[in-house]
Amino acid sequence: MRRAARARSGAGVAPGVCGDGVADGIVMKGLLLNALLGVGLGRFGSVWGLPVFLPVVAAELAYGFHVHHLGVGGGLRRGVALLVCGQLGFLLGALLRPLPGER
């Protein structure tokens, strides 16, 4: 019973591992970066700017592999989440474009 309570509270989690607060904040910063990049590309760019996400996600995954020692499954999940977040940001940015008759 104590072990389950400790696992839920986050006590005893090694630094740099998801669940310690630091790694979770870094993951959220990556998602925010991709969302803001997507909104900017969707609002002011075109669909041809979407390949910009690939090197950004690759750099974030390389950081995760090096610092947090992510496995292949964790890296794949994180990469897909980052790409989906960027694409949804792009769609939101496209919705923020003014209509042709608005100007």
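Both Leu54 and Trp48 are members of a single hydrophobic cluster when ILVMFWY side chains are connected at heavy-atom separations under 4.5 Å. In terms of hydrophobic clustering, with Ile, Leu, Val, Met, Phe, Trp and Tyr side chains grouped at heavy-atom distances under 4.5 Å, Val39 and Leu32 are assigned to different clusters. Taking hydrophobic clusters as Ile, Leu, Val, Met, Phe, Trp and Tyr residues chained together by side-chain heavy-atom distances below 4.5 Å, Val80 does not share a cluster with Leu31.
Phe65 is linked by a side-chain contact (heavy atoms from CB on, under 4.5 Å) to Leu61, Leu70, counting only residues two or more places apart in sequence or in another chain.
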For residues 83-101, run the donor-acceptor check on the side chains, cut-off 3.5 Å, and write out each pair with its distance to 0.1 Å, sequence neighbours left out.
{"residue": "Arg97", "atom": "NE", "partner": "Gly42", "partner atom": "O", "Å": "2.7"}
{"residue": "Arg97", "atom": "NH2", "partner": "Gly42", "partner atom": "O", "Å": "3.0"}
{"residue": "Arg97", "atom": "NH2", "partner": "Gly45", "partner atom": "O", "Å": "2.4"}

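Summarising the hydrophobic clusters (Ile, Leu, Val, Met, Phe, Trp, Tyr; side-chain heavy atoms under 4.5 Å, direct or chained), the residues clustered with Val72 are none.
Nearest heavy-atom pair, His69 versus His66, reported as atom, atom and distance to 0.1 Å: CE1-O, 3.6 Å. Closest non-hydrogen pair, Asn34 versus Phe53, comes out as O-CE2, 3.6 Å.
Contact annotation: the side chain of Leu33 never approaches that of Lys29 to less than 4.5 Å [non-hydrogen atoms, C-beta and beyond].
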